[in-house]
Number of protein chains: 4
Amino acid sequence: MSKKNDILKSALKLFADEGFSATSTSKIANSAGVSEALIFRHFKNKNGLLEAILKEGEEKARLLFADIVFETNPLKVIEKTLELGEKFMASKEVADFWKLQYKIKWELEQYGEQKMEPLEIALTNAFKKLGYEEPKREACYLLTLMDGMATRFFLQKSYDLKLETEYLRKKYKQ
Amino acid sequence: MSKKNDILKSALKLFADEGFSATSTSKIANSAGVSEALIFRHFKNKNGLLEAILKEGEEKARLLFADIVFETNPLKVIEKTLELGEKFMASKEVADFWKLQYKIKWELEQYGEQKMEPLEIALTNAFKKLGYEEPKREACYLLTLMDGMATRFFLQKSYDLKLETEYLRKKYKQ
Amino acid sequence: MSKKNDILKSALKLFADEGFSATSTSKIANSAGVSEALIFRHFKNKNGLLEAILKEGEEKARLLFADIVFETNPLKVIEKTLELGEKFMASKEVADFWKLQYKIKWELEQYGEQKMEPLEIALTNAFKKLGYEEPKREACYLLTLMDGMATRFFLQKSYDLKLETEYLRKKYKQ
Amino acid sequence: MSKKNDILKSALKLFADEGFSATSTSKIANSAGVSEALIFRHFKNKNGLLEAILKEGEEKARLLFADIVFETNPLKVIEKTLELGEKFMASKEVADFWKLQYKIKWELEQYGEQKMEPLEIALTNAFKKLGYEEPKREACYLLTLMDGMATRFFLQKSYDLKLETEYLRKKYKQ
DNA sequence: TATGAATGAGACTTCATTCAT
DNA sequence: CATGAATGAAGTCTCATTCAT
């Protein structure tokens with residue numbers, strides 16, 4: 001794999017573990033086994049590196065969401081949304097990626113609403129079809145809950161994401 | 001007000017707005033209108049300053065939680081928990097304090113579970129009294145949801161905390 | 001003498017000898033026997049250091065020019081202007097200061113016309129009193145010549161400023 | 001035109017505008033539309049590039065001076081010398097070349113006396129023929145003046161080289 | 001001839017912290 | 001209690017240059 005990729009991988013891991021500000025470019029270079037200067041040659045500056053990582057991530061997220069957005073069965077839309085959380089745990093790298101997303105949200109105070117919009121619309125439609133009185137609100141409610149679950153999952157070691165997802169699943173099956 | 005307090009206030013605001021790592025002691029000193037050295041005289045080092053802020057905060061949180069913990073009417077326990085969120089917005093300083101709590105959680109990856117334990121126990125008891133099948137799980141569920149609501153409130157400008165709380169309230173009244 | 005002054009002195013010497021761009025802040029710190037950080041504490045950045053030196057210089061120049069500007073005898077105005085050149089050589093530090101002025105002019109392409117204006121006006125008046133047909137032009141001519149003499153004096157080792165000044169003096173006595 | 005020439009042209013412009021130290025090889029490569037490595041292939045290093053530019057320039061200067069040096073009519077020698085200044089303005093590229101000459105003089109503190117010697121000798125002879133008492137001094141005087149005029153022309157936007165040359169011409173016609 | 005990838009050295013600057021007063 | 005002077009270490013980034021292709 002190319003050195004540029006090594007940098008991206010190391011940076012993702014370090015940003016996710018220690019935060020953007022707290023991770024120095026020299027630490028990234030060290031961990032990637034490249035010279036510090038190479039980071040700047042490839043990404044212009046530290047922010048450029050972050051942006052490259054986030055852009056890569058947006059693509060991944062789009063793919064993940066696409067599966068939900070194009071689902072027509074409302075029950076399946078909800079089910080697939082619930083499964084999203086469990087996908088966080090698929091691999092160390094995927095988990096790092098999502099952890100970074102949340103960490104960055106807090107560090108830079110950008111919520112990135114537009115990224116979630118298609119998902120919210122899909123959920124709103126699903127709840128509408130299922131006869132919910134306030135489908136838009138319920139969609140927001142579920143997504144907010146999932147933000148909470150992510151918070152717990154990444155920050156509270158004792159949190160059991162699977163069990164909690166199961167409980168939520170039951171609620172929506174009533 | 002004392003200079004020590006000026007420092008605490010400025011640091012709270014800056015840590016909450018820009019994060020701990022990204023806030024330099026010189027910025028704090030500047031914003032507080034004191035010399036940088038005074039920070040170190042009062043708090044030993046930058047970490048000491050953070051700890052002082054967090055300790056101050058724990059007290060405030062304890063007070064806030066006490067009201068809920070000693071409540072015996074289960075419906076009121078839930079209602080008061082829901083009201084907690086709206087208290088975030090009471091004043092700029094209170095909001096900053098809570099924002100900092102969340103920011104620090106993500107920056108230092110300490111969830112501080114023990115702080116929330118009394119609240120979780122109180123909620124568990126309340127749900128038990130109300131005949132919920134899995135009261136402990138429901139308590140965790142509600143607190144997780146509130147973490148999500150906090151995330152949205154602090155990071156997503158368009159989020160309407162009052163409306164969402166209202167929706168949640170209705171759910172628990174069914 | 002204060003460390004701040006040591007920095008100014010070292011910087012003046014180095015900027016004058018090697019140019020602004022080619023002189024690193026670490027070289028200045030070394031030569032002044034202080035930490036590099038102190039430069040930034042006192043002058044904000046490398047440009048601030050240059051500005052401080054130039055501002056100090058403007059004062060010196062103003063004093064030097066004042067003597068000429070308030071002279072009423074036209075012959076003496078010219079004589080004192082001619083003497084200006086010889087004052088470049090008064091001491092190593094004064095010479096460094098004037099060398100820096102010229103070096104900076106070329107490096108940053110700022111001529112600083114307004115600094116010379118009072119002198120040009122004084123000379124124009126002197127030549128008018130002496131009956132020159134184009135006094136303003138003659139003033140400009142003399143000052144331009146002195147720029148040339150400075151160029152030679154600072155850059156051409158074999159240039160004998162005293163002899164050349166003597167020759168010029170004769171010209172104006174005709 | 002060859003890429004080697006593109007580099008020379010861009011470097012001349014940039015060195016003349018921003019100085020040698022302040023111009024990075026990457027800026028030159030960028031502005032010339034070539035890779036940075038090509039500069040080093042053609043000129044070994046940054047200094048080699050400067051030397052190539054200066055050598056190219058020496059040739060141009062030699063040609064310019066030759067016309068004066070081989071002139072036998074003393075009045076024409078003076079007239080042609082005066083015209084030299086106006087030739088600075090012939091084209092942007094010629095002006096850049098002369099600006100660079102002066103800039104480099106100041107940046108590297110090399111006056112390059114030997115380049116001017118033939119001109120000085122020619123002028124000395126001319127003034128001798130015209131009966132000046134100190135012909136060598138007068139030659140030096142005129143050349144110094146022209147250095148002053150160059151300084152003004154390149155650094156002082158409001159300087160009117162043509163008018164000043166005209167004034168000088170009158171002086172020598174008296 | 002021409003380039004893209006790569007780098008060691010060093011540039012400017014900021015940081016948290018100490019100390020004398 | 002409060003500050004201004006001072007600094008070592010580290011931070012981000014640029015520089016001239018090399019090398020494989």
Side-chain angles (χ1 to χ4, degrees), chain A residues 2-7 20-30 32-49, chain B residues 2-4 6-7 20-30 32-50, chain C residues 2-7 20-30 32-50, chain D residues 2-4 6-7 20-29 32-50:
Chain A
S2 76
K3 293 205 176 191
K4 187 171 175 180
N5 245 295
D6 293 346
I7 294 171
F20 177 71
S21 291
T23 302
S24 70
T25 49
S26 89
K27 219 188 282 183
I28 296 169
N30 253 25
V34 302
S35 73
E36 214 178 335
L38 194 58
I39 295 175
F40 296 93
R41 187 145 270 291
H42 279 311
F43 304 100
K44 189 161 183 350
N45 53 33
K46 202 186 163 187
N47 250 293
L49 174 54
Chain B
S2 74
K3 292 203 173 190
K4 187 172 174 178
D6 291 346
I7 294 171
F20 178 71
S21 290
T23 303
S24 69
T25 49
S26 92
K27 221 187 284 183
I28 298 168
N30 245 29
V34 302
S35 73
E36 219 177 330
L38 194 59
I39 294 174
F40 294 89
R41 162 155 276 293
H42 278 310
F43 304 100
K44 183 150 197 280
N45 54 31
K46 200 186 164 187
N47 254 294
L49 173 56
L50 175 61
Chain C
S2 75
K3 293 204 174 189
K4 186 171 175 179
N5 244 296
D6 292 347
I7 294 171
F20 177 71
S21 291
T23 303
S24 71
T25 49
S26 89
K27 219 189 282 185
I28 296 168
N30 252 24
V34 302
S35 72
E36 214 178 334
L38 194 58
I39 294 175
F40 296 91
R41 188 143 270 291
H42 279 310
F43 304 100
K44 189 161 184 348
N45 53 33
K46 201 186 165 187
N47 250 294
L49 174 55
L50 175 61
Chain D
S2 75
K3 292 202 173 190
K4 186 171 176 178
D6 291 347
I7 295 171
F20 177 71
S21 290
T23 302
S24 69
T25 49
S26 91
K27 220 187 283 182
I28 297 168
V34 302
S35 72
E36 219 177 330
L38 194 59
I39 294 173
F40 294 89
R41 162 154 277 290
H42 279 309
F43 305 100
K44 184 153 197 280
N45 54 31
K46 200 184 164 188
N47 253 294
L49 174 55
L50 175 61

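Numbered from 1 within each chain, the chains take letters A, B, ... in sequence-line order.
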Rounded to the nearest angstrom, tell me the gap between atom [atom1] in [X] and atom [atom2] in [N].
X	N	atom1	atom2	answer
Ile7(D)	dT17(F)	CD1	P	14 Å
Asp6(B)	dC1(F)	CG	P	14 Å
Phe20(B)	dC15(E)	CZ	P	13 Å
Ile28(C)	dT13(E)	CD1	P	11 Å
Asn30(B)	dG4(F)	CG	P	11 Å
Asn5(A)	dA6(E)	CG	P	11 Å
Phe40(C)	dT14(E)	CZ	P	8 Å
Glu36(A)	dT7(E)	CD	C1'	11 Å

query = Between Lys44(B) and Asn45(C), which is nearer to the 5' end of DNA chain E once each is assigned its nearest nucleotide?
reply = Asn45(C)
query = Between Lys27(B) and Val34(A), who's closer to the 5' end of DNA chain E by nearest nucleotide?
reply =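 Taking each residue's closest nucleotide, the earlier one in sequence belongs to Val34(A).
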Taking the side chain of [X] as its heavy atoms from C-beta onward, which of [options] lies nearest to it?
X	options	value
Lys3(A)	dT13(E), dT7(F), dT7(E)	dT7(E)
Arg41(B)	dA6(E), dT13(E), dC1(F)	dC1(F)
Ser26(C)	dA11(E), dC13(F), dT13(E)	dA11(E)
Lys46(A)	dA2(E), dA16(F), dC13(F)	dC13(F)
Ser35(D)	dT7(F), dT17(F), dT3(E)	dT3(E)
Ala37(A)	dC12(E), dC15(F), dT3(F)	dC15(F)

ask   = For Lys4(C) and Ala22(A), take the nucleotide of DNA chain F holding the closest heavy atom to each; which residue's nucleotide lies nearer the 5' end?
value =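 The residue mapped nearer the 5' terminus is Lys4(C).
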query = So which one's nearest nucleotide on DNA chain F is more toward 5', Asn47(D) or Leu38(B)?
reply =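 The answer here is Leu38(B).
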inquiry  = At 4.0 Å (heavy atoms only), tell me whether Ser24(B) reaches a base, stays on the sugar-phosphate, or touches nothing.
reply    = sugar-phosphate
query = Reckon Thr23(B) touches a base, only the sugar-phosphate, or nothing at all at heavy-atom distances under 4.0 Å?
reply =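 Thr23(B): backbone/sugar contact only, no base atoms under 4.0 Å.
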key: Approximate separation, where rounding is to 0.5 Å, of Phe40(A) CZ and Thr25(A) OG1   = 4.0 Å
query = For Thr25(A) and dC13(F), is the shortest distance between a side-chain N/O and OP1 or OP2 below 4.0 Å?
reply =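 The answer is no; no side-chain N or O of Thr25(A) sits under 4.0 Å from OP1 or OP2.
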ask   = Looking only at side-chain N and O atoms, does His42(A) come under 4.0 Å of OP1 or OP2 in dG4(E)?
value =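 Checking His42(A) against dG4(E): no side-chain N or O falls below 4.0 Å of OP1 or OP2.
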Heavy-atom pair of closest approach, residues [X] and [Y]:
X	Y	value
Ile7(C)	His42(C)	CD1-CD2, 4.3 Å
Ala32(D)	Asp6(D)	CB-O, 3.7 Å
Glu36(D)	Ser26(D)	OE2-N, 3.4 Å

Check: Ile28(A) and Leu49(A) side chains under 4.5 Å, non-hydrogen atoms = yes
key: Pair partner, dT21(F) [Watson-Crick or wobble, under 3.5 Å]   = dA2(E)
task = May I ask you to decide if Ser35(A)'s main-chain N or O and Lys3(A)'s side chain share a donor-acceptor pair within less than 3.5 Å?
result = no
